[in-house]
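First the structure, in the form of structure tokens, and then the observations on it.
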Amino acid sequence: MAKAGVQGSTRDREITGARVIVTCPGRNFVTLKIETKGGVTGLGDATLNGRELAVAAYLTEHVIPNLIGRDAGRIEDIWQFLYRGAYWRRGPVTMSAIAAVDVALWDILGKMAGMPLYQLLGGRSRDGALVYCHANGDSIEQASEAVGRYIEQGYLAVRAQSGVPGLAKTYGVTKSKLAYEPAESELPTETVWSTPKYLRHTPKLFERARADHGEEVLLLHDVHHRLTPIEAARLAKDLEPYRLFWFEDSTPAENQDAFKLIRQHSTTPLAVGEVFNSIWDCKGLIENQLIDYIRTTIVHGGGITHVRRIADFAALYGVRTGFHGATDLSPVTMGAALHFDTWVPNFGIQEYMHHTQETLDVFPHDYAFREGRLHVGDTPGHGVGIDETLAAKFPYAPKQLPIARLEDGAMWDW
Ligand code: CS2
Ligand code: MG
């Protein structure tokens, strides 16, 4: 006799198997597939750029043996078991592994209930999720031209990054026609960073972008953890005339109080959190109104179950979501994040770098871009699948993220 609640009998919901699929269609992805006795399966993303096999091993060795026989409908209890039961709490590897299980279970729940994930969360708050894409160029002129191309494609929000004169390589600038993929070699490539050169140059990028494209387009910029708090305050103030939608990762955020200094000097909106993995990383930033957007997303923030707590806490303080959505997060995360974006009342914006076609072929999905927004479909669950036969054709390729050193050779933040 099926118990009231989740459709499908308790027997059908019993987890009978789970496995990790590592594939590299242009870049590495780690996917968890959970199987149930009733035949319904669910997918979760476990990709952690440059540390993929750490999460794959955590899942295979320490998580999957604990899942077999459990009720896939007990999503919260399994989350609590994996979090509290780990003893060694938090951290990107643990929380990415927990996230993969959590998203796969929400996917199964949706399929069993015959509902898209946004409906399980509480229904639509919006038709489509405003997205921003990545424009970049070696020079300010090239970067501004790239902004223009995206505006012509219907984007309402564009992140702009440009090369910095005197620096051979700059974060976010790609020479290829594909999206910027920083994890390019088996061991980290070394890049050289100069804050003075960057601080002198960046206001000119946005002066040019506003001159070329006007005031309406939403412009974003990612500092990528490179500045000290007072340097971040200075650049945020210098950028005020160009009215950015957000100024991201302006200073390393382990020291949440550092953002008080930035806030004292500027009204440029601040975004942070793609490297966070729990509410404790951002609690102070949110409750002290030190940021405007929280970027911690589904795959690295412990899944839907935990990120929902972060979003609800942020809502109390007028802080909005701005999920990380780089190409090193798989379409499974994009799908789950978009359902979350469709529901969450304090939505801000969704990052949308473009996966390669071979990636999209491995991960069939039902979300689609229209008029500056991404729209999820009504497929039960998160709407993203995996073609395992195709995935098997792309073996894992060890890759790590770059590092940065200052011009005097000292290690810095990449
Ligand atoms: C970046 C990311 O998209 C962003 O905001 O910070 O591209 C980041 O560099 C990568 O996700 C690192 O793997
Ligand atoms: Mg970023």
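Each ligand, and each atom within it, is numbered from 1 in the order the structure gives. Computed from heavy atoms alone, side chains included, the values below leave out hydrogens, waters and symmetry copies.
- The Mg ion (ligand 2) lies closest to atom OD2 when only the N/O/S atoms of D222 are considered.
- The protein non-hydrogen atom at the shortest distance from atom 3 (O) of ligand 1 is E351 OE2, 2.4 Å.
- Atom 9 (O) of ligand 1 has as its closest protein heavy atom H224 NE2, 2.7 Å.
- Remark: ligand 1 and N49 share an N or O pair separated by less than 3.5 Å (distance only, no angle test).
- Nearest heavy atom pair, residue F369 against residue V131, reads CE1-CG2, 3.8 Å.
- Between D257 and K260, at least one side-chain N (NZ, or NE/NH1/NH2) sits under 4.0 Å from a carboxylate O, which counts as a salt bridge.
- Ligand 1 places these atoms under 4.0 Å from at least one heavy atom of W414: 9 (O).
- Between atom 2 (C) of ligand 1 and the options E248, E274, R27, the minimum heavy-atom separation is to E274.
- Closest to atom 10 (C) of ligand 1, if we only count protein heavy atoms, is D328 OD1, 3.4 Å.
- The distance from atom CH2 of W79 to atom CD1 of I304, rounded to the nearest 0.5 Å, is 13.5 Å.
- Using a 4.0 angstrom heavy-atom cutoff, Y352 does not count as in contact with ligand 1.
- Scanning the protein heavy atoms around atom 7 (O) of ligand 1, the nearest turns out to be Y171 OH, 3.4 Å.
- Using a 4.0 Å cutoff on heavy atoms, Y180 does not count as a contact of ligand 1.
- Classification of the Y150-H354 ring pair by plane angle, with boundaries at 30° and 60°, yields perpendicular.
- The cationic atom of R226 (NZ for Lys, CZ for Arg) does not lie both less than 6.0 Å from the six-membered ring centre of W412 and within 45° of the ring axis.
- Partner R27 forms a salt bridge (charged side-chain N to carboxylate O under 4.0 Å, His left out) with one of E184, E358, E52 and no other, that one being E52.
- Remark: at the Mg ion (ligand 2), atom OE2 from E248 and atom OE1 from E274 enclose 90°, rounded to the nearest 10 degrees.
- Rounding to the nearest 0.5 Å places OG of S96 at 12.0 Å from CD1 of I298.
- Every atom of ligand 1 is numbered from 1 in the order shown, and the set under 4.0 Å from a heavy atom of D222 is 1 (C), 4 (C), 5 (O), 6 (O).
- In summary, of the residues considered (R13, K111, R19), a salt bridge (charged side-chain N to carboxylate O under 4.0 Å, His left out) with E35 occurs for R19 alone.
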